[in-house]
Amino acid sequence: MNRHFLNLSDAGGDAIAAMISDAIDRKAARQGWPKGKADADAPLAGHTLGMIFEKNSTRTRASFEMAIKQLGGDSMFMASGQMQLGRGETIADTARVLSRYVDAIMIRTDDHAKIEELAHHATVPVINGLTDLSHPCQIVADLLTLVEHGKALPGLEVAWLGDGNNVLHSIIEAAGLMKFNVRIGVPQGYDCDASFIDAARAQGAQIMVTRDAMEAAAGADVIVTDTWVSMGQEHAHNKIAAMMPYQVDERLMAAAKPDAKFLHCLPAHRDEEVTGAVIDGPQSLIWDEAENRLHAQKSILLWCFGKL
Ligand code: CP
Ligand code: NVA
């Protein structure tokens, strides 16, 4: 039975807690080492990760390449436009063929149904490197970052400001699994998929949706935002105008707890979803968050290979 990682619930709360703990240990064990040197136990020696990108990426590509390298394995980068996939070969056939060459497949794509199809036909683990629906790898890194900075997850108040997008879906999913609460400030017409909210509430998380940005931020432990225009969406003026009241600025940060932290998965658009003063300010954890993509990917890979 393959361990696919298409959404956080494929792993579950206990496995995510194990990923965070393993990432903290591995990160500490290699402090000061050259980044390309393998961890002492090289647990994935001989394993190759195939990576298909149907959309652009900086962090996901670079962190997965280095993650498998640090675990003792190799990676293979494939841009879909240079593959037969890009001229009509089916996902199913691509899955069957790549499963004969590589030990796991990571894909960044648009329609989530494509990754489900890939996983259905692959005989190796498949990892979601972002779809239009969700971005689970990002949220493992975000949770790791919060834990590292002294925030216990159960009961944490996480405020999301802006678009109801793929990153928010994975945050809500994590809330149900790790028992924290989400306060969503989103304009009318840009709500997220209600099924994520229903599932998290059924698991005991409190999920609040408001049109009032200050109400979302009030008393929060963490403020999170993301680009207002995700990959594949149009940069529409009416969307930017609708999002403007949800911009994370110093006034909004002041409504949160005094020790509140700021997260953003990046890439950022300063003075759109967040002001420069906040994203480059003392409450921002964005560089640790970006670094932690690497440490989180290692734990995700280990879980997929049954080593966590
Ligand atoms: N946060 C994130 O997934 O970044 P990339 O698009 O650069 O991979
Ligand atoms: N919501 C963004 C995240 C980028 C990492 C997008 O899908 O483009």
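Ligands are counted one by one from 1 in listed order, and the atoms in each one are counted from 1 as well.
The shortest N or O to N or O distance between Met231 and ligand 1 is not under 3.5 Å. For the pair His135 and ligand 2, the shortest N or O to N or O distance does not fall below 3.5 Å. On a distance-only criterion, Cys265 and ligand 1 share at least one N/O pair closer than 3.5 Å.
Remark: minimum distance from atom 4 (O) of ligand 1 to any protein heavy atom is reached at Arg59 NE, 2.9 Å. Considering only non-hydrogen protein atoms, atom 3 (C) of ligand 2 sits nearest to Asp226 OD2, 3.6 Å. Protein heavy atom at the shortest distance from atom 7 (O) of ligand 2 is Asn166 ND2, 2.8 Å.
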Q: Evaluate the salt bridge (charged side-chain N to carboxylate O under 4.0 Å, His left out) criterion for residues Asp259 and Lys151: first the C-alpha distance (whole Å), next the side-chain angles of each, then the deciding distance (0.1 Å), finally the verdict.
A: CA-CA 10 Å; Asp259 64 347; Lys151 304 280 183 200; 3.5 Å; yes
**Q.** Worked verdict on Lys114 versus Asp132 for salt bridge (charged side-chain N to carboxylate O under 4.0 Å, His left out)
**A.** CA-CA 11 Å; Lys114 286 194 194 172; Asp132 290 347; over 6 Å; no
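Near Leu130, the atoms of ligand 2 lying under 4.0 angstrom from a non-hydrogen atom of the residue are 3 (C), 4 (C), 5 (C), 7 (O). When each atom of ligand 2 is checked for a heavy atom of Leu266 under 4.0 Å away, the hits are 5 (C). Of all atoms in ligand 1, numbered sequentially from 1 with element shown, those under 4.0 Å from a heavy atom of Thr58 are 5 (P), 7 (O), 8 (O). Near Arg293, the atoms of ligand 1 lying under 4.0 angstrom from a non-hydrogen atom of the residue are 1 (N), 2 (C), 3 (O). Those atoms of ligand 2 that come under 4.0 Å of a heavy atom in Met231, given as number and element, are 6 (C), 7 (O), 8 (O). Listed by number with element, the atoms of ligand 1 under 4.0 Å from a non-hydrogen atom of Leu266 are 1 (N), 2 (C), 4 (O). Listed by atom number, the atoms of ligand 1 under 4.0 Å from His135 heavy atoms are 2 (C), 3 (O).
Taking the charged nitrogens against the carboxylate oxygens, Asp39 and Lys27 have no contact shorter than 4.0 Å, which rules out a salt bridge. The residues Glu157 and Lys257 are annotated as not salt-bridged, no charged nitrogen and carboxylate oxygen being separated by less than 4.0 angstrom. A salt bridge between Asp22 and Lys298 is absent, with no side-chain N of the basic residue lying under 4.0 Å from a carboxylate O of the acidic one.
Of all heavy-atom pairs between Ser284 and Val278, the closest is CB-O, 3.4 Å.
For the pair Asp132 and ligand 2, no heavy-atom separation below 4.0 Å is found.
Ring planes of His47 and Phe305: perpendicular class, angle over 60° (limits at 30 and 60°).
Tracing side-chain contacts under 4.5 Å through hydrophobic residues (I, L, V, M, F, W, Y), one reaches Met83 starting from Val102; they form part of the same cluster.
Within the set Lys55, Gln138, Arg108, the minimum heavy-atom distance to atom 6 (O) of ligand 1 is found for Arg108.
When the options Asp142, Asn128, Thr60, Ile127 are evaluated for a side-chain contact (heavy atoms from CB on, under 4.5 Å) with Cys137, the one that passes is Ile127.
No donor-acceptor pair closer than 3.5 Å links the side chain of Thr227 to the backbone N or O of Ser230.
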